[in-house]
Amino acid sequence: MKMSLRWFTSHFDKVTLPEIRQIPGVEGVVTALTDLPAGQVWPKLRIRQMMDDLKQHGLNLLAIESVNVHDSIKAGTEDRDFYIERYIETLKMLSEFGVDLVCYNFMPIFDWTRTDLAKPREDGSTVLSYDHSLLSDSDPNQIIEEMRKKQNDYILPGWEKERLDRLQQLFAIYENIDENKLYENLVYFLNAVIPECEAVGIRMAIHPDDPPWPVFGLPRIVKNASDLKKIIEAVDSPSNCVTLCTGSLGSDPRNDVPSIIRSLKGKIAFAHVRNVKHVSEGVFEESAHYQKDGSLNMYEIMKAFVDIGFDGVMRPDHGRAIWEETSVAGYGLYDRALGSQYLFGLYDAIMEGR
Ligand code: DNO
């Protein structure tokens, strides 16, 4: 297992590489050229700069999170082959720099969604939280505008201004896309991309939907154990893998996360590990990684990873905002650093007992 931290490059992240370097056991980062819109081929020079930056600070690039999939591919519009070609070009370029793990998701329009990015907790920290009732039956534009007003400049992926400006147009291309159609489009994409990945030694790791149920009426197809199994089986290849995100899957209490991990033995290339606190149906808030702070059994989760011989890249996932830190929502240094050490603690204790 290789421990990493997500880093948004020096353009966007206040967390610095020297800071990351001082977290015990963290061998590298997972990152991306976040400023590039989906569909653009990543320029070689920018990838080289990113690699040089990391090397100078003694950190490895352990994965790309993410190469985002263009909505034309997800919705299966006429121009999808053009965007698939570009996607493959980017993958090939990345492989020239030794990248062998790429995370992606197949959520229409938006990436992960929360309804509050700074919910105060009793201890004075704030967390990301979600209440489905705030999203139902409403116009996404209006809701997002309200949230952005309330929460200053905070944005989540998929909430960028350029995208919000053409939200209507984006919703229109998904008008006739149900779960089956979206799944077919994913399989079409995988059939094109996976052979190329095999050739250059890249593992593609699909990220579960977050939250794992439909949002704004858009279909979701990576919600639980059977969805993941179906995707893995659709294209049988060592390059067709999963990002096991405990927090995304775990926000649905029906998902038994340790058992999902066990069922995906050999297919998990990337692990995002965090806790989440279930509040009520469709309502959750993120918590500290520490088991008793949330609803997930973190010990059983880490044990499941050890039991299946997981040897991929792991990262602590979202943290609380603590000690007055401001950061990319969910991605401060302090609480994720604490989280990484908690995960190491569990991992080492489990290994020691073998
Ligand atoms: C949220 C992240 C996601 C993830 C993408 C993968 O914190 O886990 O944004 O990076 O869904 O493509």
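Along the sequence shown, residues are numbered consecutively beginning with 1. Only a predicted model underlies this, so the values are computations on that prediction, with no experimental measurement involved. Counting convention: from 1, in listed order, for ligands and their atoms alike.
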Suppose I only count heavy atoms of [X] and a 4.0 Å limit; which atoms of ligand 1 are within that range?
| X | value |
| --- | --- |
| H272 | 8 (O) |
| N105 | 5 (C), 6 (C), 11 (O), 12 (O) |
| C103 | 6 (C) |
| M107 | 11 (O) |
| S66 | 5 (C), 6 (C), 10 (O), 12 (O) |
| E65 | 2 (C), 4 (C), 8 (O), 10 (O) |
| R315 | 8 (O) |
| H318 | 1 (C), 7 (O) |

Point-to-point distance, once rounded to the nearest 0.5 Å, from [atom1] of [X] to [atom2] of [Y]:
| X | Y | atom1 | atom2 | result |
| --- | --- | --- | --- | --- |
| I64 | L33 | CD1 | CG | 7.0 Å |
| S251 | E286 | OG | CD | 8.0 Å |
| R6 | L62 | CZ | CG | 14.0 Å |
| H318 | Y331 | NE2 | OH | 3.5 Å |

Quiz item: Looking at ligand 1, does G330 have a heavy atom less than 4.0 Å from it?
Solution: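 Per 4.0 Å heavy-atom rule, G330 does not contact ligand 1.
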Quiz item: For atom 8 (O) of ligand 1, what is the nearest protein heavy atom, given as residue, atom name and distance?
Solution: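 Going by distance alone, atom 8 (O) of ligand 1 is nearest to H207 NE2, 3.0 Å.
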Self-check item: Contacts of type side-chain hydrogen bond (donor to acceptor under 3.5 Å, both in side chains), residue D252, not counting sequence neighbours
Solution: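 Per chain and number, D252 pairs via side-chain hydrogen bond (donor to acceptor under 3.5 Å, both in side chains) with R254.
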Exercise. Quick one: look at E286 and ligand 1, take heavy-atom pairs under 4.0 Å, and tell me if it's side chain, backbone, both or neither.
Key: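 None of E286 does.
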Quiz item: Just heavy atoms, cut-off under 4.0 Å: does Y104 contact ligand 1 by side chain, backbone, both, or neither?
Solution: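 Under 4.0 Å from ligand 1, Y104 contributes backbone atoms alone.
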Quiz prompt | Of the listed options V222, V67, N68, D111, closest to atom 9 (O) of ligand 1 (non-hydrogen atoms) | solution =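 Nearest heavy atom to atom 9 (O) of ligand 1 lies in D111.
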Quiz item: Under a 4.0 Å N-O cut-off, is there an ion pair linking E179 with K223?
Solution: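 Salt bridge between E179 and K223, a charged N being under 4.0 Å from a carboxylate O: yes.
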Quiz item: What heavy-atom pair brings K303 and R354 nearest, and what distance separates the two atoms?
Solution: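 K303 and R354 have their closest heavy atoms at CG-NH2, 4.0 Å.
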Quiz item: Can you find a heavy atom in the side chain of K74 that is under 4.5 Å from one in the side chain of F189?
Solution: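 They are not in contact (no side-chain heavy atoms under 4.5 Å apart), so the answer is no.
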Quiz prompt | Single hit among D116, D335, D293 for salt bridge (Lys or Arg N to Asp or Glu O under 4.0 Å) with R121 | solution =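 One option only clears the test, and that one is D293.
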